[in-house]
Protein chains: 2
Amino acid sequence: MQEITGLELSPKKVEYLKFLLKKGDLVKTTDISNELHVDPSTTTKTITDLSESGYVDHVPYRGVRLTATGREYAEFFVNRHNILSLMLSHYGLSSEEACSEVSRFEAFVSKSAIDRICGSMGHPTVGVCGKIKHSSCSSL
Amino acid sequence: MQEITGLELSPKKVEYLKFLLKKGDLVKTTDISNELHVDPSTTTKTITDLSESGYVDHVPYRGVRLTATGREYAEFFVNRHNILSLMLSHYGLSSEEACSEVSRFEAFVSKSAIDRICGSMGHPTVGVCGKIKHSSCSSL
DNA sequence: CAAATTGTTTGGTGCCATACCAAAGATTAG
DNA sequence: CTAATCTTTGGTATGGCACCAAACAATTTG
């Protein structure tokens, strides 16, 4: 199993994986398109990419589902979002502000930085954007 | 004078402006290319863009210089980098780690977030990456 | 100061990420 | 089993960034 650096996927692809994790199981193209506000054809193409890279299994016309690897990444991505949002909220940003601010840059923050931040905050279990799990945290 | 949101320029363009501020005065294409490790032709094209957008004045074959607006942005960009690096250093990242981590995502952090973070840290004047000035800070 | 060297710009291309549209194909509902 | 509803394919587009080769300007030097 390769090490997660956190920088493997582009911002949009991170969004796809996070959504797939949230929905769980077999997810339809239309669901994704609605959530991410993109054309279904864009979703298909992105899913095809993610599939070729091993993050999801795609059964054409049926749906998509995370692979074990994809799930691992998705969990990290959600955690990263939550940790960063919690961090920013400590500097006076509201939950909503922190969340939307983080959404713009989270894809560019490494796992090693997240591990440090998480450890430094005492491995919090609740954030402003959702529960924080530490399965993907390397510095427990 | 328009409000700086902090999201106006792409990551690379932010680097150009920060370097121009550091060098001051008329800067040559080759200097920029060496600093940013890109082909001189890439530098020329980017500088042309920045010039058309009003951030720099470009005298072909002579050099580039920040406009008043460009300088204002560049100062904010440097400040943003310093504030974010200082923030991350508070979570156990070394100066170098904080600096390189921030370099990857700084272009996507808004001025309003920076103002909050800066205020919340008590408007520090010294960071891990350099001095911090507050001329561009809206929440003094 | 003219020729040679050096630095800069232009024009062409290419890649990645992202997006849309129209048309074709598959699935599902009636 | 046809009609409506996804979904996918193929084409095209944009922004950001990069390189190369060739043309052009400036500077150095003999």
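Labels below follow one simple rule: chain letters A, B, ... track the order of the sequence lines, proteins then strands, and each chain is numbered from 1. On a predicted model such as this, the values are computed, not experimentally measured, just so you know.
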D:dG15 C1' sits how many Å from B:E52 CD, rounded? 14 Å

All pairs passing salt bridge (charged side-chain N to carboxylate O under 4.0 Å, His left out) where residues 73-101 of chain A contributes a residue, at least two apart: A:E97-B:R116, A:E101-A:R104

At under 4.0 Å, does any side-chain N or O of B:K12 touch on OP1 or OP2 of D:dA18? yes

Within residues 33-44 of chain B, those residues having any heavy atom closer than 4.0 Å to DNA chain C are B:P40, B:S41, B:T44

Can you confirm whether or not the ring centre of B:F105 sits under 6.0 Å from the ring centre of A:F105? yes

Give the rounded distance in Å between these two atoms: CZ of B:R104 and P of D:dG16. 21 Å

For B:S89 against B:A98, the heavy-atom pair lying closest together: N-CB, 4.2 Å

Could you tell me how far apart B:Y61 (OH) and C:dT5 (P) are, to the nearest whole angstrom? 19 Å

Separation of C:dA26 atom P from A:H58 atom NE2, nearest Å, is 14 Å

Separation of atom CD in A:E8 from atom C1' in C:dC16, rounded to whole Å: 17 Å

Would a distance-only check, ignoring hydrogens and angles, find a side-chain to backbone donor-acceptor pair under 3.5 Å from B:N79 to B:C137? no

Does A:S10 put a side-chain nitrogen or oxygen below 4.0 Å from OP1 or OP2 of C:dC16? no

Rounded to whole angstrom units, what separation is found between the NZ atom of A:K13 and the P atom of C:dT18? 6 Å

Integer-rounded Å distance: C:dT18 C1' and A:L9 CG: 15 Å

Euclidean distance, atom CD1 of residue A:I47 to atom C1' of C:dA17 [Å, nearest integer]: 15 Å

Do you know which two heavy atoms are closest between A:P40 and A:T29, and how far apart they sit? O-CG2, 3.8 Å

Pairing of B:K18 and B:E15 as salt bridge, 4.0 angstrom limit: yes

Describe the nucleic acid contact of A:K45 in one word from base, sugar-phosphate, nothing, applying a heavy-atom distance below 4.0 Å. base

Can you name the residues that form a ring pair (Phe, Tyr, Trp, His ring centres under 6.0 Å) with A:Y91, not counting sequence neighbours? none

